[in-house]
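What follows is a single structure, written as structure tokens, with notes after it.
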Amino acid sequence: MKKSERMNQMLRFINQKQQFTLQDLMQEFQISKRTALRDIASLEELGAPIYVEYGRYGGYRLLQQMQLPPISFNTGELHALYFAMQALRSFSSLPFQVSFRNIHEKFMSALSDKQRQDIENIQHRVSFRHTEQIRDSAHLEFLLMAAVQNLVIQITYPDQRRSPDQRSSPADHTDPEQSDSSSRPSNSNIRTIQPITLYAKRGYWYCQAYDLNKQAYRVFRCDRITSAEVSDIEPLAHVIELQAQDTHSLWKPSEQATTFKCLIDEAGVELFQQEHYPSMQIMHVNEPGNELAQMLLVGSYETHELDFIVRYLAGFGKSIKIMEPETLKESLRLYYMNLLDHI
């Protein structure tokens, strides 16, 4: 990192911390003690009001907040930012009041002629292929606001008997085409939920939330939410503390769930890593007398998720072999026979 770039980052670092030590600078910027001392002297020359506190617990502190210079990006950072924005192109709905076209125009107008030319040249060499958003979701911004502000809201959602909401299990990610309710009439009901996080997958937006009526964690497909409004119910404390990385830990199989076990090979493990769900995992088991550990795909599914799990396992082809239960084996055989009837 160039010294000028490090100085810029260091200004922002100390302005945020207000109090810091040489060790803080050495750790943050991976520099020696000598370099850290020189950098502090350079910051003082730039006008940073740094005050030295002597003693065992001494260090440095800023006497007042500083007016920071505009953020500057090097060429590599500009390229990274631009192509990170490309991910927005496939979404017609975003949880912000913004469009890709507006961001793109503002970004490009801030660049120099050479930087614009560089990006246009790279565009012809780099391609980002995303699943296009299939349906618009009218309430994304509201759902994001509710998640950030820890609000309990009421939504109108298709009746579970017609179009089941999705749990954090295989049904969490049921094939949208198989559970599509837009092409047939369905009843709707009011659900009281506390949103936790939003995510996009395979062209759909999903809202992970706690359902206060069912007292369980649920995942709702956002394009199916036809109305949403704030309720006067107090948010649940244990849900407020949850973050995106915690939500899958909430999933628990019901007492009626069926466990399954399959042998899986290396190619199957790669497929599993590309797409898997909280209800399943890969295990390595050492059989007596066998030096090589067996790889197993193990998990569970609810009764209403049988069709999903059959389609999911069929995608592994010859990379898996179902060991149990027999009912799952038979269901997969019937699935293949049905496919043959359509050839």
Side-chain angles (χ1 to χ4, degrees), residues 1-89 94-96 98 100 102-128 130 144 147-148 197-200 240-249 273:
M1 184 187 297
K2 294 179 180 178
K3 182 176 179 180
S4 59
E5 188 177 339
R6 189 172 71 246
M7 289 293 95
N8 195 302
Q9 290 188 20
M10 200 172 284
L11 275 173
R12 298 179 189 283
F13 177 76
I14 67 173
N15 200 51
Q16 184 178 32
K17 284 187 72 74
Q18 292 294 295
Q19 290 183 299
F20 62 95
T21 64
L22 280 178
Q23 193 64 33
D24 291 334
L25 298 183
M26 291 162 62
Q27 271 190 327
E28 180 70 17
F29 299 98
Q30 296 297 296
I31 55 178
S32 66
K33 181 177 180 180
R34 230 174 132 180
T35 301
L37 287 168
R38 283 201 303 265
D39 286 350
I40 290 174
S42 297
L43 290 175
E44 289 177 317
E45 289 175 8
L46 290 172
I50 299 173
Y51 175 77
V52 183
E53 293 182 324
Y54 296 99
R56 184 176 179 182
Y57 301 104
Y60 300 86
R61 67 182 175 90
L62 284 181
L63 295 177
Q64 61 191 49
Q65 286 281 109
M66 297 172 56
Q67 185 69 37
L68 296 175
I71 297 175
S72 60
F73 299 100
N74 61 34
T75 302
E77 290 169 337
L78 285 173
H79 293 167
L81 281 172
Y82 179 79
F83 287 103
M85 288 193 306
Q86 301 304 301
L88 299 178
R89 298 188 68 174
L94 290 169
F96 330 100
V98 69
F100 171 79
N102 290 340
I103 296 174
H104 182 270
E105 289 177 355
K106 289 180 180 179
F107 185 89
M108 295 299 283
S109 66
L111 302 180
S112 67
D113 291 340
K114 184 180 184 307
Q115 288 170 333
R116 273 195 297 273
Q117 186 62 50
D118 286 345
I119 283 179
E120 288 170 5
N121 290 337
I122 294 175
Q123 276 183 308
H124 299 303
R125 306 295 178 185
V126 179
S127 175
F128 291 85
H130 307 281
L144 178 62
V148 171
T197 185
L198 299 181
Y199 70 90
I240 290 176
E241 297 172 359
L242 293 173
Q243 296 180 357
Q245 63 268 27
D246 305 321
T247 51
H248 281 175
S249 66
Q273 290 169 343

> Taking only residues at least two apart or on different chains, which pairs with a member in residues 25-45 satisfy ring-ring contact (aromatic ring centres under 6.0 Å, His included)?
Replying inline: Phe13-Phe29

>> Just verifying a value: how many Å separate Asn8 CG and Arg6 CZ, rounded to the nearest 0.5 Å?
In response: 12.0 Å

>> Among residues at least two apart in sequence or on other chains, which ones pass side-chain hydrogen bond (donor to acceptor under 3.5 Å, both in side chains) with Gln16?
In response: none

>> Holding to side-chain contact (heavy atoms from CB on, under 4.5 Å), I want the full list of residues that pass it with Lys114, two or more places apart in sequence or in another chain.
In response: Ser112, Asp118

>> Tell me every residue that passes side-chain contact (heavy atoms from CB on, under 4.5 Å) with Ser109, counting only those two or more places apart in sequence or in another chain.
In response: none

> Roughly how far apart are Gln19 CD and Lys17 NZ, rounded to 0.5 Å?
Replying inline: 9.5 Å

> At their closest point, which heavy atom of Gln30 faces which heavy atom of Gln27, and how far apart are they?
Replying inline: NE2-O, 2.9 Å

>> If I take atom CD from residue Gln117 and atom CG from residue Leu111, how far apart are they, to the nearest 0.5 angstrom?
In response: 12.0 Å

> Among all residues two or more places apart in sequence or in another chain, which pass the side-chain contact (heavy atoms from CB on, under 4.5 Å) test with Arg34?
Replying inline: Ser32, Arg38

> Taking only residues two or more places apart in sequence, or in another chain, which ones meet Phe107 in a ring pair (Phe, Tyr, Trp, His ring centres under 6.0 Å)?
Replying inline: Tyr82

> Tell me the salt bridge (Lys or Arg N to Asp or Glu O under 4.0 Å) pairs involving residues 24-33, sequence neighbours left out?
Replying inline: none

> What distance separates Leu11 CG from Asp39 CG, expressed to the nearest 0.5 Å?
Replying inline: 10.5 Å

> Of all residues at least two apart in sequence or in a different chain, which pass the side-chain contact (heavy atoms from CB on, under 4.5 Å) check with Ile50?
Replying inline: Ile14, Phe20, Ile40, Leu43, Glu44, Ala48, Tyr60, Leu62

>> What's the separation between atom CD in Glu45 and atom CE in Met7, rounded to the nearest 0.5 Å?
In response: 10.0 Å

> Partners of Glu53 by side-chain hydrogen bond (donor to acceptor under 3.5 Å, both in side chains), sequence neighbours excluded?
Replying inline: Arg61

> If you measure from NZ on Lys3 to CD1 on Ile31, what distance do you get to the nearest 0.5 Å?
Replying inline: 10.0 Å

